[in-house]
Amino acid sequence: MSNCVFCAIVDGSAPARIVYSDDDVVAFLDIRPIRPGHTLVIPREHHARLDTLPPELGGKMFAAAQRIGTAMQQAPVGSGRTIADGVNLALNDGRAAFQTVFHSHIHVVPRLRGDRISLAKGLVLRRDPDPDATADRLRAALEEVAGER
Ligand code: AMP
Ligand code: ZN
């Protein structure tokens, strides 16, 4: 779709810190991360909302999110080289549900035990001081997980 920023990331005309891609999906760091490592998984094909998203494609997005969430819990991704203790997967569908970019996507947010205060701070600041290093660590973590298969 011509004026969609996520389609522009897929076709390479907009910049993104891509951490994973395959024939069906692309995953990249959120530009305003709730926590360092916060990643978005999108289908290559433009679907504004869930209603047009083929379930098989949703399955492929979920599989990538699962893989990224696993990697975040197996190797250091966050600042301070922390390994996540858990992840949140979220999909906001519709303005009422806080969707702001109308190209369906899954958020993968790494979580640490007892991170409530830093999460609250992250929700306000939404900034990673060194996103290039975070992207490198996440790519390395994903390679490690792929190597174990
Ligand atoms: P949502 O509210 O679920 O629609 O989330 C949209 C997310 O996309 C937000 O967390 C934004 O920070 C993120 N975002 C918007 N534009 C870009 C971009 N060009 N690159 C990376 N992330 C983006
Ligand atoms: Zn799009």
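Basis for what follows: all heavy atoms, side chains included, without hydrogens, waters or symmetry-related copies. Every value quoted in this text rests on a predicted model; they were computed, and no experiment measured them.
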Problem - R139: partners by salt bridge (Lys or Arg N to Asp or Glu O under 4.0 Å), with sequence neighbours left out - result: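 For R139, the residues satisfying salt bridge (Lys or Arg N to Asp or Glu O under 4.0 Å) (neighbours in sequence not counted) are D136.
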For R17, the salt bridge (Lys or Arg N to Asp or Glu O under 4.0 Å) test, sequence neighbours excluded, returns D132
| Is the side chain of Q99 donor-acceptor paired with the backbone N or O of R49 at a distance under 3.5 Å, no angle test? |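 No: the side chain of Q99 does not pair with the backbone of R49.
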| message | If we ignore hydrogens and angles and just use 3.5 Å, is the side chain of D85 paired with the main-chain N or O of R113 as donor and acceptor? | response | yes
Do [X] and [Y] sit in the same hydrophobic cluster, where Ile, Leu, Val, Met, Phe, Trp and Tyr count as joined when their side-chain heavy atoms come under 4.5 Å apart?
X: L29; Y: V145; value: no
X: V87; Y: I83; value: no
X: I68; Y: L91; value: yes
X: V101; Y: I18; value: yes
X: V41; Y: F28; value: no

With a 4.5 Å heavy-atom cut-off, do [X] and [Y] have their side chains touching?
X: L53; Y: P43; value: yes
X: H107; Y: I34; value: no
X: R126; Y: D30; value: yes
X: V26; Y: R44; value: yes
X: L138; Y: M72; value: yes
X: F6; Y: L40; value: yes
X: L89; Y: F62; value: yes

I need the [X] [atom1] to [Y] [atom2] distance, nearest 0.5 Å.
X: Q73; Y: R111; atom1: CD; atom2: CZ; result: 11.5 Å
X: S118; Y: L112; atom1: OG; atom2: CG; result: 6.5 Å
X: S104; Y: D93; atom1: OG; atom2: CG; result: 5.5 Å
X: R35; Y: D115; atom1: CZ; atom2: CG; result: 4.5 Å
X: L142; Y: Q74; atom1: CG; atom2: CD; result: 10.0 Å

*asked:* Determine whether the aromatic ring centres of residues H105 and H103 are separated by less than 6.0 angstrom.
replied: no
>> Tell me which pairs pass side-chain hydrogen bond (donor to acceptor under 3.5 Å, both in side chains) where either residue lies in residues 55-72, with sequence neighbours left out.
In response: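 Of all non-adjacent pairs touching residues 55-72, none passes side-chain hydrogen bond (donor to acceptor under 3.5 Å, both in side chains).
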Please report the shortest heavy-atom distance between [X] and [Y], naming the atom on each side.
X: P36; Y: P110; result: O-CG, 3.3 Å
X: G78; Y: R137; result: O-NH2, 3.2 Å
X: D128; Y: P131; result: O-CD, 3.2 Å

Checklist entry - Does CG in L123 sit with more than 12 non-hydrogen atoms of other residues, nucleotides or ligands closer than 6.0 Å? => result yes
| said: By the definition side-chain contact (heavy atoms from CB on, under 4.5 Å), identify the one residue from T39, V77, V19 that meets it with T134. | reply: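 The option that passes is V77.
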